[in-house]
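Below is one structure, written out as C-alpha cells, with a few remarks after it.
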Amino acid sequence: GVWRQTRALLFKNCLIKCRTKKSSVQEVLFPLFFLFWLILMSMMHPHRKYDKVDNTNLGTLDTSMLVNFVIGYTPPTRMAQKIMNKVAFDNFEDGLITEEYLSEEELQEASAFKPSSFVGVVFKDDMSYQLRFPDSVAMSSIYTESR
C-alpha cells in the first residue's frame, strides 16, 4: 500500500528531474548564486563599529531658546494635566506655556495659527502619547513615508 505508492512517487520524481536537467540545475544554482550575491554585498558594505562614548555632563539647558515655546495637549484628562504641569514647571524656571484642547481637531487648528514653536501632544492613554509638529519642522527622511 503506502510503501509502494511512496516508492512509485519517488521514482516518478527522479525521472522528471533526470529528464528536465536544465530546470533541475537552475533549482540548485539560483539559490547558491543569490547567497553568493548577499555575501558579496555584505562584504562591500561592512557594519560600522562605533567606539564607546563615556558619560559626560552636558551642562544646563539653554532656556533662552524656549521663551515663546507652546505645548498644546489633548485630551485634558487629570493624568495629562499632571504630566504637562510636571514638564512645564519642574524642568524650567519660568515654565513653558501649556494649553489644553478638548479634541485633536482643535489642537490641529491651533497649531495652524500658532508660531512655529508650537508642539502638540496627543495622549492615547495614561502611558502613551504622540507628538504633533507643525509642517515647518524638518522631519527625518527615514520617517517621511510612514508620516
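Just so you know, these numbers come straight off a predicted model, no measurement behind them. Numbers here are sequence positions counted from 1. Values below: every heavy atom of this structure, side chains too, minus hydrogens, waters and symmetry copies.
- No continuous path of ILVMFWY side-chain contacts below 4.5 Å connects V122 to M127, so the two sit in separate hydrophobic clusters.
- In this structure, P76 and Y101 approach most closely via the heavy-atom pair CD-O, 3.2 Å.
- Neither F34 nor V25 shares a network with the other; the hydrophobic side chains, linked directly or stepwise wherever heavy atoms of I, L, V, M, F, W or Y lie under 4.5 Å apart, form separate groups for each.
- Atom CZ of F123 has more than 12 neighbouring heavy atoms from other residues, nucleotides or ligands inside a 6.0 Å radius.
- Here the side chains of E99 and V70 are in contact, with some heavy-atom distance below 4.5 Å.
- With rounding to the nearest 0.5 angstrom, the CE atom of M84 is 7.0 Å from the OH atom of Y73.
- Between the side chains of Q5 and R7, no donor N or O sits under 3.5 Å from an acceptor N or O.
- For the atom pair CD1 (I83) and OG1 (T77), the distance works out to 7.5 Å, reported to the nearest 0.5 Å.
- Heavy-atom neighbours of K22 NZ from other residues, nucleotides or ligands within 6.0 Å: at or below the threshold of 12.
- Linking ILVMFWY residues whenever their side-chain heavy atoms come closer than 4.5 Å, directly or via other members, leaves F30 and L38 in distinct clusters.
- Distance check: L107 CG to E109 CD gives 10.0 Å after rounding to the nearest 0.5 Å.
- Atoms OG and CD, from S24 and E27 in turn, are 5.5 Å apart once rounded to the nearest 0.5 Å.
- For the residue pair P31 and Q26, the shortest heavy atom distance occurs at CD-O, 4.1 Å.
- With values rounded to the nearest 0.5 angstrom, Q108 atom CD is found 6.5 Å from R132 atom CZ.
- Note that the CG atom of L9 and the CG atom of N13 stand 5.0 Å from one another [nearest 0.5 Å].
- By the 4.5 Å heavy-atom criterion applied to side chains, L15 and C18 are not counted as neighbours.
- Using a 4.5 Å heavy-atom threshold, the side chains of P75 and L102 count as separate.
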